[in-house]
Number of protein chains: 2
Amino acid sequence: MQRQIPEVVVSRLPMYVRGLAELHQDDIDFINSKDLGHRFGMSPDQIRKDLSYFGKFGRQGRGYNVALLLSELRQILGLDRQWCMAIVGVGRLGRAIMDYKGFVPRGFKIVAAFDKERNVIGKRVSGVVIQDMAELETAVRDKKVDIAVVAVPSTEAQEVIDKLVRSGIKSILNYAPVYAYVPKDVRLEAIDPVLALQGMTYYLARSQDYR
Amino acid sequence: MQRQIPEVVVSRLPMYVRGLAELHQDDIDFINSKDLGHRFGMSPDQIRKDLSYFGKFGRQGRGYNVALLLSELRQILGLDRQWCMAIVGVGRLGRAIMDYKGFVPRGFKIVAAFDKERNVIGKRVSGVVIQDMAELETAVRDKKVDIAVVAVPSTEAQEVIDKLVRSGIKSILNYAPVYAYVPKDVRLEAIDPVLALQGMTYYLARSQDYR
DNA sequence: GTTTGTGAAATAGTTCACAGCA
DNA sequence: TGCTGTGAACTATTTCACAAAC
């Protein structure tokens, strides 16, 4: 057990939680680092090293108790409570995100939605009434929003993110395909499928008889 | 200029392309590594080092010609042509992906869609006729599909991915929230917003007065 | 015998710092 | 002078290898 945990290690924890939840579902009680590593395409050593940053969860000669490790990791990640999200931008993409059924079962609930378009303000989407952007700051406080999801056009993303930062938000998930600036104490994760695709074409273009 | 380029370097190239395209749009002709680094929240040294893996694109005392560097990077990434994609799974998520307007302008076109549900097969979604899963292998070949997008439920993802691999696909973008196995010669990128959120809660839970 | 947890060694990635060119 | 391109130095991350626990 050590202090100051590398970011890469933290970023792998959610994958472990997901995998362990599957094992738990399948009524598997114990798993060792070899099998766990195989499951995620990584070395057993790395699994053990990663876990060792947080404590000693295994039993020599036996492996890890799935239910126990799952519960420990969930607690470490703060997944033992529900997190409240606000979505900014309720266009095509924003609606798809609000409709996505994968958030609630994993502890993330959309409690507020904002847009600047007169014609959508006041309407209800996926059970949430869309509010005016002007109400963002107060609503974020009143509804105790922990995380903001940005789904506005690229041109407006930075402006919206600045507004979110001013309202005190410390975690932002950005779907707009632009790099955005945030202060060091705010976390920003980006979801951009095109960036992921463009990383793959490099290898595609190099392999077979392309071009 | 060197050989054997680190994956992290390749993964940053799409971001450079995106940023340079913005600069080009704004009629900026030259940019130096300092300003470019500032734009992406990284050091000028890293920008220069990254680019040096592919060639010498800059001019001492002046910086980089935006149009030139953009065109070079596009070519390196294989973005100077259009890539054909097939989508597997045309449920709620699959439709949202097919409706997304951000792919085509950036060179990615959905040319085929597959589902196993009788009631959607034959229907047209976003200009593409949905085909039976059984036709996947032949359609992938006939339509020269380069990249597959997986949007089926988690339980079916591995099976679908195996099928795609057998059909000869070398690049897969997986939206299903599971870790999937692919042979070493196949690239798989995952889009899982919940994983991104769970990485952020670790820090949220640690900062202020949460819990 | 099996498998963990962990320092030490090895490898990968980033930053430094400066020669050389415009 | 200003800024690139790049080895060398440094830092981060992964892998090794083994003592200790079961």
Side-chain angles (χ1 to χ4, degrees), chain A residues 1-16 19-20 23 28-73 76 184 199 202-203, chain B residues 1-16 19-20 23 28-73 76 184 199 202-203:
Chain A
M1 173 108 98
Q2 298 145 70
R3 276 308 79 193
Q4 197 23 42
I5 290 139
E7 285 206 18
V8 267
V9 174
V10 174
S11 75
R12 282 191 291 260
L13 260 33
M15 179 176 68
Y16 297 163
L20 287 163
L23 291 166
I28 291 161
D29 292 334
F30 271 85
I31 188 153
N32 59 37
S33 61
K34 185 164 163 287
D35 293 346
L36 211 44
H38 179 72
R39 209 179 167 86
F40 304 124
M42 40 193 291
S43 75
D45 313 77
Q46 182 150 56
I47 299 272
R48 295 204 304 280
K49 187 63 140 184
D50 281 2
L51 296 178
S52 79
Y53 282 101
F54 302 96
K56 301 181 182 196
F57 308 113
R59 257 215 277 161
Q60 279 103 327
R62 194 92 170 79
Y64 300 90
N65 177 312
V66 171
L68 181 76
L69 183 56
L70 179 56
S71 132
E72 291 277 7
L73 292 183
I76 289 163
K184 308 118 257 72
Y202 173 82
Y203 299 98
Chain B
M1 173 110 97
Q2 298 147 70
R3 277 306 82 190
Q4 200 20 44
I5 291 140
E7 285 206 20
V8 267
V9 174
V10 174
S11 75
R12 282 191 290 259
L13 259 35
M15 178 175 68
Y16 297 163
L20 288 163
L23 291 166
I28 291 162
D29 293 334
F30 272 84
I31 188 153
N32 59 37
S33 60
K34 185 164 163 285
D35 293 346
L36 211 44
H38 179 72
R39 211 180 166 85
F40 304 124
M42 40 195 291
S43 74
D45 313 77
Q46 181 149 59
I47 299 273
R48 295 205 304 280
K49 187 63 140 183
D50 281 0
L51 296 178
S52 78
Y53 282 102
F54 302 96
K56 300 181 183 196
F57 307 113
R59 258 218 274 162
Q60 280 103 328
R62 194 92 170 78
Y64 301 90
N65 177 311
V66 172
L68 182 76
L69 183 55
L70 179 57
S71 133
E72 291 277 8
L73 292 183
I76 289 162
K184 306 120 257 72
Y202 173 81
Y203 300 99

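In what follows, every chain begins at residue 1, and chains take the letters A, B, ... in the order their sequences are listed.
Under 4.0 angstrom from either OP1 or OP2 of C/dG5 there lies at least one side-chain N or O belonging to A/Y64. Taking 4.0 angstrom as the limit, A/K56 places a side-chain polar atom (N or O) nearer than this to OP1 or OP2 of C/dT6. Listed pair A/R12 / D/dT13 fails the phosphate criterion, with no side-chain N or O lying under 4.0 Å from OP1 or OP2.
Rounded to whole Å, atom P of C/dT14 lies 13 Å from atom CD of A/E7. Taking atom CG of B/D50 as the reference point, atom C1' of D/dT6 lies 13 Å away to the nearest angstrom. Look at CG on B/L51: it is 10 Å from P on D/dT4, rounded to the nearest Å. With rounding to whole Å, A/L68 atom CG is found 14 Å from C/dT4 atom P.
Shown here are the ring-ring contact (aromatic ring centres under 6.0 Å, His included) partners of B/Y16, two or more places apart in sequence or in another chain: B/F40. Applying the side chain to side chain contact (heavy atoms under 4.5 Å, CB included) criterion to A/D29, with sequence neighbours excluded, gives no partner residue. Evaluation of the side chain to side chain contact (heavy atoms under 4.5 Å, CB included) rule for A/F57 yields A/L51, A/F54, A/Y64, A/L69, A/E72, A/I76 as partners, not counting sequence neighbours. Remark: A/D35 pairs with no residue by the salt bridge (charged side-chain N to carboxylate O under 4.0 Å, His left out) rule, at least two apart or across chains.
Side-chain contact between A/K49 and A/V9: absent, with no pair of heavy atoms (C-beta onward) separated by less than 4.5 Å. Between A/N65 and A/L70 the shortest side-chain heavy-atom distance does not fall below 4.5 Å. Looking at heavy atoms from C-beta onward, B/N32 lies out of side-chain contact with B/R62 at the 4.5 angstrom threshold.
If you check residues 29-37 of chain A against DNA chain C, the residues with a heavy atom closer than 4.0 Å are A/N32, A/S33, listed by number.
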Q: Sugar-phosphate means primed atoms, P, OP1 and OP2; the rest is base. With that split, encode nucleotides 15-22 of chain C 5' to 3' as B, S or - using protein heavy atoms under 4.0 Å.
A: BBB--BBS
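Annotation: salt bridge (charged side-chain N to carboxylate O under 4.0 Å, His left out) contacts involving residues 38-47 of chain B, sequence neighbours excluded, comprise B/E22-B/R39, B/D45-B/R48.
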